[in-house]
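Structure first, commentary second.
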There are 2 protein chains.
Amino acid sequence: MADLTAPAASDHKPASGERAGRTSEPIWDIIELLFFAYRDFVTEPDDVLAKFGFGRAHHRVLHFVNRNPGMKVAELLDILKITKQSLGRVLKQLVDQGYVVQKEGANDRRQRLLYVTAKGESLAMKLAGLQTARVAHALAELGPNAHEAARRFLVTLIDPDNRDGVLRFIARADRARRQRS
Amino acid sequence: MADLTAPAASDHKPASGERAGRTSEPIWDIIELLFFAYRDFVTEPDDVLAKFGFGRAHHRVLHFVNRNPGMKVAELLDILKITKQSLGRVLKQLVDQGYVVQKEGANDRRQRLLYVTAKGESLAMKLAGLQTARVAHALAELGPNAHEAARRFLVTLIDPDNRDGVLRFIARADRARRQRS
DNA sequence: CAGTTAGGTCAGCCATGTTGACATATTTCG
DNA sequence: CGAAATATGTCAACATGGCTGACCTAACTG
(Lines give C-alpha, C1' and ligand atoms only; values in the text may rest on other atoms or scores of the structure.)
Protein backbone atom coordinates (compact mmCIF):
# COMPACT_ATOMS: atom_id res chain seq x y z
CA MET A 1 0.00 0.00 0.00
CA ALA A 2 2.78 2.41 0.92
CA ASP A 3 4.17 1.69 -2.49
CA LEU A 4 1.21 3.32 -4.10
CA THR A 5 0.09 6.17 -1.94
CA ALA A 6 3.39 8.00 -1.84
CA PRO A 7 4.06 8.39 -5.58
CA ALA A 8 0.42 8.89 -6.51
CA ALA A 9 -0.02 11.68 -3.99
CA SER A 10 3.14 13.49 -4.97
CA ASP A 11 2.64 12.72 -8.60
CA HIS A 12 -0.52 14.61 -9.03
CA LYS A 13 -0.20 17.72 -11.12
CA PRO A 14 -2.26 20.57 -9.71
CA ALA A 15 -5.56 20.95 -11.49
CA SER A 16 -5.45 24.72 -11.33
CA GLY A 17 -5.17 26.43 -14.68
CA GLU A 18 -6.60 23.51 -16.61
CA ARG A 19 -9.89 24.28 -18.23
CA ALA A 20 -12.74 21.78 -17.88
CA GLY A 21 -10.41 18.87 -17.15
CA ARG A 22 -10.03 18.54 -20.88
CA THR A 23 -6.27 18.57 -21.11
CA SER A 24 -5.44 17.36 -17.61
CA GLU A 25 -3.93 14.01 -16.85
CA PRO A 26 -6.65 11.46 -16.06
CA ILE A 27 -7.16 10.56 -12.43
CA TRP A 28 -6.21 6.98 -13.11
CA ASP A 29 -6.13 5.69 -9.58
CA ILE A 30 -9.68 6.62 -8.62
CA ILE A 31 -11.08 5.45 -11.94
CA GLU A 32 -9.44 2.08 -11.57
CA LEU A 33 -10.07 1.68 -7.86
CA LEU A 34 -13.76 2.29 -8.46
CA PHE A 35 -13.71 -0.58 -10.92
CA PHE A 36 -11.84 -2.93 -8.62
CA ALA A 37 -13.79 -1.96 -5.51
CA TYR A 38 -17.14 -2.36 -7.20
CA ARG A 39 -16.07 -5.62 -8.76
CA ASP A 40 -15.22 -7.09 -5.37
CA PHE A 41 -18.19 -5.44 -3.71
CA VAL A 42 -20.69 -7.49 -5.69
CA THR A 43 -19.00 -10.87 -5.96
CA GLU A 44 -19.95 -12.22 -2.54
CA PRO A 45 -23.65 -11.37 -2.99
CA ASP A 46 -23.50 -12.79 -6.50
CA ASP A 47 -22.27 -16.10 -5.15
CA VAL A 48 -25.05 -16.31 -2.58
CA LEU A 49 -27.67 -15.30 -5.13
CA ALA A 50 -26.49 -17.99 -7.51
CA LYS A 51 -27.43 -20.63 -4.93
CA PHE A 52 -30.98 -19.29 -5.01
CA GLY A 53 -31.08 -19.19 -8.79
CA PHE A 54 -31.03 -15.41 -8.73
CA GLY A 55 -28.74 -12.81 -10.24
CA ARG A 56 -27.61 -9.29 -9.61
CA ALA A 57 -30.85 -7.89 -10.99
CA HIS A 58 -32.85 -9.74 -8.37
CA HIS A 59 -30.53 -8.41 -5.71
CA ARG A 60 -31.16 -4.82 -6.68
CA VAL A 61 -34.92 -5.22 -6.67
CA LEU A 62 -34.95 -7.08 -3.39
CA HIS A 63 -32.61 -4.58 -1.81
CA PHE A 64 -34.59 -1.51 -2.67
CA VAL A 65 -37.96 -3.03 -1.89
CA ASN A 66 -36.65 -4.17 1.46
CA ARG A 67 -35.34 -0.72 2.12
CA ASN A 68 -38.52 1.00 1.07
CA PRO A 69 -41.52 -1.20 1.77
CA GLY A 70 -44.60 -0.07 -0.09
CA MET A 71 -42.68 1.61 -2.85
CA LYS A 72 -44.32 2.03 -6.22
CA VAL A 73 -43.17 0.17 -9.32
CA ALA A 74 -42.50 3.50 -10.98
CA GLU A 75 -40.20 4.57 -8.17
CA LEU A 76 -38.23 1.38 -8.49
CA LEU A 77 -37.91 1.85 -12.23
CA ASP A 78 -36.63 5.34 -11.66
CA ILE A 79 -33.98 4.15 -9.23
CA LEU A 80 -32.78 1.23 -11.28
CA LYS A 81 -32.98 3.12 -14.56
CA ILE A 82 -34.14 0.10 -16.49
CA THR A 83 -37.27 -0.56 -18.51
CA LYS A 84 -40.37 -2.00 -16.99
CA GLN A 85 -39.94 -5.06 -19.19
CA SER A 86 -36.55 -5.76 -17.64
CA LEU A 87 -37.90 -5.17 -14.17
CA GLY A 88 -40.98 -7.26 -14.86
CA ARG A 89 -38.92 -10.30 -15.63
CA VAL A 90 -37.04 -10.43 -12.34
CA LEU A 91 -39.88 -9.04 -10.25
CA LYS A 92 -42.18 -11.79 -11.46
CA GLN A 93 -39.70 -14.41 -10.30
CA LEU A 94 -39.35 -12.77 -6.90
CA VAL A 95 -43.12 -12.64 -6.51
CA ASP A 96 -43.70 -16.17 -7.78
CA GLN A 97 -41.13 -17.54 -5.38
CA GLY A 98 -42.48 -15.67 -2.41
CA TYR A 99 -39.79 -13.07 -1.80
CA VAL A 100 -41.90 -10.05 -2.71
CA VAL A 101 -45.61 -9.32 -2.59
CA GLN A 102 -47.59 -6.64 -4.33
CA LYS A 103 -50.52 -4.90 -2.70
CA GLU A 104 -53.08 -2.65 -4.27
CA GLY A 105 -52.56 0.99 -3.31
CA ALA A 106 -55.01 2.29 -0.74
CA ASN A 107 -55.48 5.70 -2.36
CA ASP A 108 -54.74 4.76 -5.94
CA ARG A 109 -55.88 1.27 -6.77
CA ARG A 110 -53.85 1.18 -9.96
CA GLN A 111 -50.67 1.00 -7.95
CA ARG A 112 -49.10 -2.31 -7.00
CA LEU A 113 -47.09 -1.37 -3.95
CA LEU A 114 -44.08 -3.56 -3.32
CA TYR A 115 -43.22 -5.30 -0.07
CA VAL A 116 -40.75 -8.00 0.89
CA THR A 117 -42.04 -11.08 2.66
CA ALA A 118 -40.27 -12.48 5.71
CA LYS A 119 -38.40 -14.75 3.33
CA GLY A 120 -37.50 -11.78 1.17
CA GLU A 121 -36.35 -9.71 4.09
CA SER A 122 -34.21 -12.56 5.32
CA LEU A 123 -32.38 -12.82 2.01
CA ALA A 124 -32.09 -9.06 1.60
CA MET A 125 -30.60 -8.72 5.05
CA LYS A 126 -28.20 -11.56 4.45
CA LEU A 127 -26.88 -9.86 1.33
CA ALA A 128 -26.77 -6.49 3.05
CA GLY A 129 -24.84 -8.13 5.83
CA LEU A 130 -22.15 -9.31 3.45
CA GLN A 131 -21.71 -5.87 1.97
CA THR A 132 -21.89 -4.23 5.37
CA ALA A 133 -19.16 -6.48 6.69
CA ARG A 134 -16.92 -5.39 3.84
CA VAL A 135 -17.68 -1.71 4.30
CA ALA A 136 -17.40 -1.91 8.07
CA HIS A 137 -14.05 -3.60 7.76
CA ALA A 138 -12.86 -0.88 5.43
CA LEU A 139 -14.13 1.94 7.62
CA ALA A 140 -12.61 0.35 10.69
CA GLU A 141 -9.21 0.29 9.03
CA LEU A 142 -9.49 3.98 8.29
CA GLY A 143 -10.11 6.84 10.66
CA PRO A 144 -13.28 7.64 12.59
CA ASN A 145 -14.38 10.18 10.00
CA ALA A 146 -13.94 7.74 7.14
CA HIS A 147 -17.66 7.02 6.93
CA GLU A 148 -18.48 10.66 6.48
CA ALA A 149 -15.65 11.14 3.97
CA ALA A 150 -16.73 8.11 1.95
CA ARG A 151 -20.33 9.24 1.87
CA ARG A 152 -19.44 12.71 0.75
CA PHE A 153 -17.19 11.40 -1.98
CA LEU A 154 -19.80 9.00 -3.32
CA VAL A 155 -22.55 11.59 -3.19
CA THR A 156 -20.59 14.07 -5.26
CA LEU A 157 -19.95 11.37 -7.83
CA ILE A 158 -23.67 11.10 -8.50
CA ASP A 159 -25.22 13.16 -11.28
CA PRO A 160 -26.29 16.49 -9.80
CA ASP A 161 -29.75 15.91 -11.26
CA ASN A 162 -30.23 12.65 -9.41
CA ARG A 163 -28.35 13.67 -6.30
CA ASP A 164 -31.23 15.22 -4.40
CA GLY A 165 -33.54 12.39 -5.30
CA VAL A 166 -31.02 9.83 -4.11
CA LEU A 167 -30.49 11.63 -0.83
CA ARG A 168 -34.21 11.98 -0.33
CA PHE A 169 -34.64 8.30 -0.94
CA ILE A 170 -31.97 7.35 1.57
CA ALA A 171 -33.28 9.76 4.17
CA ARG A 172 -36.83 8.55 3.74
CA ALA A 173 -35.80 4.90 3.99
CA ASP A 174 -33.79 5.66 7.12
CA ARG A 175 -36.74 7.41 8.72
CA ALA A 176 -39.14 4.59 7.89
CA ARG A 177 -36.77 1.97 9.23
CA ARG A 178 -36.22 3.92 12.43
CA GLN A 179 -39.95 3.98 13.03
CA ARG A 180 -40.38 0.28 12.49
CA SER A 181 -37.53 -0.77 14.74
CA MET B 1 -27.31 16.72 1.93
CA ALA B 2 -27.65 18.08 5.47
CA ASP B 3 -30.88 16.17 5.68
CA LEU B 4 -29.01 12.96 5.26
CA THR B 5 -25.71 13.41 7.00
CA ALA B 6 -27.06 14.45 10.35
CA PRO B 7 -29.36 11.52 11.08
CA ALA B 8 -27.12 8.95 9.46
CA ALA B 9 -24.12 10.03 11.48
CA SER B 10 -25.96 10.19 14.77
CA ASP B 11 -28.02 7.15 13.97
CA HIS B 12 -25.18 4.75 13.72
CA LYS B 13 -25.04 2.29 16.55
CA PRO B 14 -21.48 1.72 17.76
CA ALA B 15 -19.97 -1.37 16.17
CA SER B 16 -18.21 -2.34 19.35
CA GLY B 17 -19.53 -5.48 20.98
CA GLU B 18 -21.09 -6.81 17.79
CA ARG B 19 -19.49 -10.00 16.60
CA ALA B 20 -18.52 -10.23 12.92
CA GLY B 21 -20.98 -7.56 11.88
CA ARG B 22 -23.58 -10.29 11.93
CA THR B 23 -26.20 -8.60 14.04
CA SER B 24 -25.33 -4.98 13.35
CA GLU B 25 -27.52 -2.66 11.38
CA PRO B 26 -26.47 -2.61 7.71
CA ILE B 27 -24.54 0.40 6.51
CA TRP B 28 -27.30 1.32 4.10
CA ASP B 29 -26.00 4.65 2.94
CA ILE B 30 -22.62 3.48 1.68
CA ILE B 31 -24.09 0.37 0.08
CA GLU B 32 -26.62 2.42 -1.83
CA LEU B 33 -24.33 5.29 -2.66
CA LEU B 34 -21.88 2.84 -4.18
CA PHE B 35 -24.68 1.63 -6.43
CA PHE B 36 -25.78 5.11 -7.45
CA ALA B 37 -22.27 6.48 -7.86
CA TYR B 38 -21.14 3.56 -9.98
CA ARG B 39 -24.31 3.69 -12.03
CA ASP B 40 -23.71 7.32 -12.91
CA PHE B 41 -19.98 6.80 -13.28
CA VAL B 42 -20.40 4.53 -16.28
CA THR B 43 -23.33 6.08 -18.12
CA GLU B 44 -21.42 8.83 -19.93
CA PRO B 45 -18.79 6.44 -21.26
CA ASP B 46 -21.54 3.99 -22.19
CA ASP B 47 -23.22 6.66 -24.31
CA VAL B 48 -20.01 7.47 -26.16
CA LEU B 49 -19.17 3.82 -26.66
CA ALA B 50 -22.62 3.17 -28.11
CA LYS B 51 -21.84 5.57 -30.95
CA PHE B 52 -18.84 3.41 -31.82
CA GLY B 53 -20.85 0.22 -31.60
CA PHE B 54 -19.00 -0.75 -28.46
CA GLY B 55 -20.10 -1.61 -24.96
CA ARG B 56 -18.78 -1.54 -21.45
CA ALA B 57 -16.73 -4.66 -22.03
CA HIS B 58 -14.81 -2.94 -24.81
CA HIS B 59 -14.24 0.02 -22.53
CA ARG B 60 -12.61 -2.10 -19.87
CA VAL B 61 -10.29 -3.80 -22.30
CA LEU B 62 -9.34 -0.57 -24.02
CA HIS B 63 -8.82 1.17 -20.70
CA PHE B 64 -6.48 -1.38 -19.23
CA VAL B 65 -4.51 -1.94 -22.41
CA ASN B 66 -4.07 1.80 -22.77
CA ARG B 67 -2.89 2.01 -19.22
CA ASN B 68 -0.51 -0.88 -19.51
CA PRO B 69 0.81 -1.15 -23.05
CA GLY B 70 2.41 -4.48 -23.75
CA MET B 71 0.39 -6.31 -21.15
CA LYS B 72 -0.19 -10.02 -21.59
CA VAL B 73 -3.60 -11.49 -22.34
CA ALA B 74 -3.36 -13.49 -19.13
CA GLU B 75 -2.82 -10.34 -17.08
CA LEU B 76 -5.88 -8.76 -18.61
CA LEU B 77 -7.95 -11.84 -17.86
CA ASP B 78 -6.79 -11.73 -14.28
CA ILE B 79 -7.80 -8.10 -13.91
CA LEU B 80 -11.18 -8.39 -15.56
CA LYS B 81 -11.94 -11.74 -13.97
CA ILE B 82 -13.74 -13.03 -17.02
CA THR B 83 -13.10 -16.04 -19.20
CA LYS B 84 -10.85 -15.88 -22.20
CA GLN B 85 -13.83 -16.63 -24.40
CA SER B 86 -15.60 -13.52 -23.17
CA LEU B 87 -12.46 -11.48 -23.58
CA GLY B 88 -11.78 -12.97 -26.99
CA ARG B 89 -15.04 -11.74 -28.37
CA VAL B 90 -14.57 -8.07 -27.54
CA LEU B 91 -10.81 -8.11 -28.07
CA LYS B 92 -11.28 -9.45 -31.57
CA GLN B 93 -13.57 -6.55 -32.42
CA LEU B 94 -11.13 -4.02 -31.01
CA VAL B 95 -8.30 -5.56 -33.02
CA ASP B 96 -10.34 -5.91 -36.22
CA GLN B 97 -11.38 -2.29 -36.04
CA GLY B 98 -7.91 -1.01 -35.36
CA TYR B 99 -8.10 0.08 -31.75
CA VAL B 100 -5.74 -2.56 -30.38
CA VAL B 101 -2.82 -4.46 -31.85
CA GLN B 102 -1.16 -7.62 -30.66
CA LYS B 103 2.57 -8.18 -30.94
CA GLU B 104 4.48 -11.34 -30.42
CA GLY B 105 6.46 -11.30 -27.16
CA ALA B 106 10.18 -10.75 -27.59
CA ASN B 107 11.22 -13.23 -24.94
CA ASP B 108 8.28 -15.58 -25.13
CA ARG B 109 6.91 -15.87 -28.63
CA ARG B 110 3.70 -17.52 -27.39
CA GLN B 111 2.60 -14.24 -25.88
CA ARG B 112 0.46 -11.76 -27.81
CA LEU B 113 1.26 -8.53 -26.04
CA LEU B 114 -1.47 -5.93 -26.21
CA TYR B 115 -1.05 -2.34 -27.32
CA VAL B 116 -3.49 0.41 -28.21
CA THR B 117 -3.14 2.11 -31.58
CA ALA B 118 -3.29 5.89 -31.89
CA LYS B 119 -6.99 5.47 -32.61
CA GLY B 120 -7.36 3.28 -29.55
CA GLU B 121 -5.49 5.66 -27.31
CA SER B 122 -7.62 8.51 -28.54
CA LEU B 123 -10.84 6.75 -27.57
CA ALA B 124 -9.43 5.49 -24.29
CA MET B 125 -8.34 8.98 -23.32
CA LYS B 126 -11.66 10.43 -24.32
CA LEU B 127 -13.46 8.02 -22.02
CA ALA B 128 -10.94 8.54 -19.23
CA GLY B 129 -11.48 12.26 -19.66
CA LEU B 130 -15.20 11.93 -19.02
CA GLN B 131 -14.66 9.95 -15.86
CA THR B 132 -11.84 12.20 -14.76
CA ALA B 133 -14.03 15.26 -15.14
CA ARG B 134 -16.60 13.68 -12.87
CA VAL B 135 -14.05 12.64 -10.27
CA ALA B 136 -12.23 15.96 -10.45
CA HIS B 137 -15.46 17.80 -9.94
CA ALA B 138 -16.26 15.67 -6.93
CA LEU B 139 -12.81 16.08 -5.40
CA ALA B 140 -12.87 19.80 -6.01
CA GLU B 141 -16.12 20.10 -4.09
CA LEU B 142 -14.57 18.32 -1.16
CA GLY B 143 -11.44 19.15 0.77
CA PRO B 144 -7.84 19.00 -0.45
CA ASN B 145 -7.30 15.60 1.15
CA ALA B 146 -10.39 14.11 -0.47
CA HIS B 147 -8.36 12.36 -3.13
CA GLU B 148 -6.29 10.55 -0.56
CA ALA B 149 -9.36 9.72 1.52
CA ALA B 150 -11.24 8.37 -1.49
CA ARG B 151 -8.30 6.27 -2.56
CA ARG B 152 -7.86 4.76 0.86
CA PHE B 153 -11.54 3.97 1.15
CA LEU B 154 -11.69 2.28 -2.24
CA VAL B 155 -8.51 0.33 -1.65
CA THR B 156 -9.80 -1.15 1.59
CA LEU B 157 -12.98 -2.24 -0.16
CA ILE B 158 -10.95 -4.49 -2.44
CA ASP B 159 -10.47 -8.11 -1.46
CA PRO B 160 -7.31 -8.34 0.64
CA ASP B 161 -6.06 -11.06 -1.70
CA ASN B 162 -6.28 -8.85 -4.76
CA ARG B 163 -5.32 -5.65 -3.00
CA ASP B 164 -1.59 -5.92 -3.42
CA GLY B 165 -1.91 -6.98 -7.02
CA VAL B 166 -4.16 -4.05 -7.80
CA LEU B 167 -1.82 -1.61 -6.14
CA ARG B 168 1.14 -3.09 -7.96
CA PHE B 169 -0.72 -2.75 -11.23
CA ILE B 170 -1.55 0.88 -10.62
CA ALA B 171 1.94 1.72 -9.47
CA ARG B 172 3.48 -0.01 -12.46
CA ALA B 173 1.19 1.74 -14.90
CA ASP B 174 1.95 5.08 -13.28
CA ARG B 175 5.67 4.46 -13.58
CA ALA B 176 5.44 3.43 -17.21
CA ARG B 177 3.32 6.43 -18.10
CA ARG B 178 5.71 8.76 -16.32
CA GLN B 179 8.56 7.46 -18.39
CA ARG B 180 6.72 7.85 -21.68
CA SER B 181 5.53 11.36 -21.03
C1' DC C 1 -67.10 10.63 -20.88
C1' DA C 2 -62.40 11.31 -22.81
C1' DG C 3 -57.83 11.27 -21.85
C1' DT C 4 -54.07 10.18 -18.87
C1' DT C 5 -51.70 7.27 -15.75
C1' DA C 6 -49.96 2.82 -13.40
C1' DG C 7 -48.85 -1.27 -14.52
C1' DG C 8 -48.47 -5.73 -17.17
C1' DT C 9 -47.23 -8.58 -21.16
C1' DC C 10 -45.70 -10.69 -25.65
C1' DA C 11 -42.12 -11.11 -29.00
C1' DG C 12 -37.67 -10.55 -30.41
C1' DC C 13 -33.00 -8.69 -30.35
C1' DC C 14 -28.33 -7.64 -28.37
C1' DA C 15 -24.32 -7.60 -25.16
C1' DT C 16 -21.73 -10.09 -22.27
C1' DG C 17 -21.13 -13.41 -19.06
C1' DT C 18 -20.67 -18.84 -18.57
C1' DT C 19 -19.00 -24.13 -19.49
C1' DG C 20 -16.68 -27.61 -22.07
C1' DA C 21 -13.90 -29.28 -25.58
C1' DC C 22 -10.25 -28.85 -28.49
C1' DA C 23 -6.20 -26.79 -31.46
C1' DT C 24 -1.61 -24.72 -32.11
C1' DA C 25 2.60 -22.81 -31.11
C1' DT C 26 6.22 -22.38 -27.92
C1' DT C 27 8.78 -22.98 -23.83
C1' DT C 28 10.54 -25.73 -20.09
C1' DC C 29 12.31 -29.54 -17.91
C1' DG C 30 13.77 -34.37 -16.90
C1' DC D 1 15.62 -34.90 -27.38
C1' DG D 2 11.03 -35.60 -26.27
C1' DA D 3 7.21 -35.03 -23.00
C1' DA D 4 4.71 -31.91 -20.41
C1' DA D 5 3.33 -27.47 -19.32
C1' DT D 6 2.06 -22.87 -20.86
C1' DA D 7 -0.05 -18.93 -23.68
C1' DT D 8 -3.42 -18.16 -26.56
C1' DG D 9 -7.25 -18.88 -29.75
C1' DT D 10 -11.62 -20.90 -31.18
C1' DC D 11 -16.16 -23.42 -31.79
C1' DA D 12 -20.61 -24.36 -29.92
C1' DA D 13 -24.20 -23.75 -26.78
C1' DC D 14 -26.38 -21.52 -23.12
C1' DA D 15 -27.98 -17.87 -19.33
C1' DT D 16 -28.70 -13.30 -17.70
C1' DG D 17 -30.31 -9.01 -18.12
C1' DG D 18 -30.38 -5.07 -20.77
C1' DC D 19 -33.23 -3.06 -24.97
C1' DT D 20 -37.29 -1.66 -28.50
C1' DG D 21 -41.96 -1.79 -30.11
C1' DA D 22 -46.57 -2.90 -29.75
C1' DC D 23 -50.47 -3.53 -27.27
C1' DC D 24 -53.62 -4.41 -23.09
C1' DT D 25 -56.44 -3.52 -18.74
C1' DA D 26 -57.87 -1.00 -14.88
C1' DA D 27 -58.35 3.13 -12.56
C1' DC D 28 -57.93 7.96 -11.86
C1' DT D 29 -58.79 12.87 -13.39
C1' DG D 30 -60.54 16.77 -15.61
So which pairs with a foot in residues 84-94 of chain A pass salt bridge (Lys or Arg N to Asp or Glu O under 4.0 Å), sequence neighbours left out? K92(A)-D96(A)
Donor-acceptor under 3.5 Å (R163(A) side chain, T156(A) main chain): yes
Within the side chain of R39(B), is there an N or O that forms a donor-acceptor pair under 3.5 Å with the backbone of I79(A)? yes
Any residue of residues 60-94 of chain A with a heavy atom less than 4.0 Å from an atom of DNA chain C: K72(A), V73(A), A74(A), K84(A), Q85(A)
Pairs where residues 114-132 of chain A contributes a residue and the test salt bridge (Lys or Arg N to Asp or Glu O under 4.0 Å) is met, not counting sequence neighbours: none
For chain A, the stretch of DNA chain D it reaches, first to last nucleotide, under 4.0 Å of its heavy atoms: dG17(D) to dC28(D)
For S86(B), check side-chain hydrogen bond (donor to acceptor under 3.5 Å, both in side chains) against everything at least two apart and list the hits. T83(B)
With distance as the sole test, does Q131(B) use its side chain to make a donor-acceptor pair with the main-chain N or O of F41(B) at under 3.5 Å? yes
Just to be sure I understand the geometry, which residues of residues 36-52 of chain A put a non-hydrogen atom under 4.0 Å away from DNA chain C? none
For dT16(C), does OP1 or OP2 lie under 4.0 Å from any side-chain N or O of H58(B)? yes
Contacts satisfying side-chain hydrogen bond (donor to acceptor under 3.5 Å, both in side chains) that involve residues 99-109 of chain A (not counting sequence neighbours) are D108(A)-R110(A)
I need the full list of ring pair (Phe, Tyr, Trp, His ring centres under 6.0 Å) pairs touching residues 113-138 of chain A, with sequence neighbours left out, sorted by first then second residue. none
Backbone N or O of D159(A) within a donor-acceptor pair of the D40(B) side chain at under 3.5 Å? yes
Could you give all pairs that pass the side-chain hydrogen bond (donor to acceptor under 3.5 Å, both in side chains) test and reach residues 42-54 of chain A, with sequence neighbours left out? D46(A)-R56(A)
Please list, chain by chain and in numerical order, all residues satisfying ring-ring contact (aromatic ring centres under 6.0 Å, His included) with F153(A), sequence neighbours excluded. none
Any chance you could list the contact pattern along nucleotides 24-30 of chain C? Use B for base contacts, S for sugar-phosphate-only contacts and - for none, protein heavy atoms under 4.0 Å, 5' to 3'. -BBS---
Applied to residues 64-77 of chain B, the salt bridge (Lys or Arg N to Asp or Glu O under 4.0 Å) test, sequence neighbours excluded, yields E32(A)-R67(B), R67(B)-D174(B), E75(B)-R172(B)
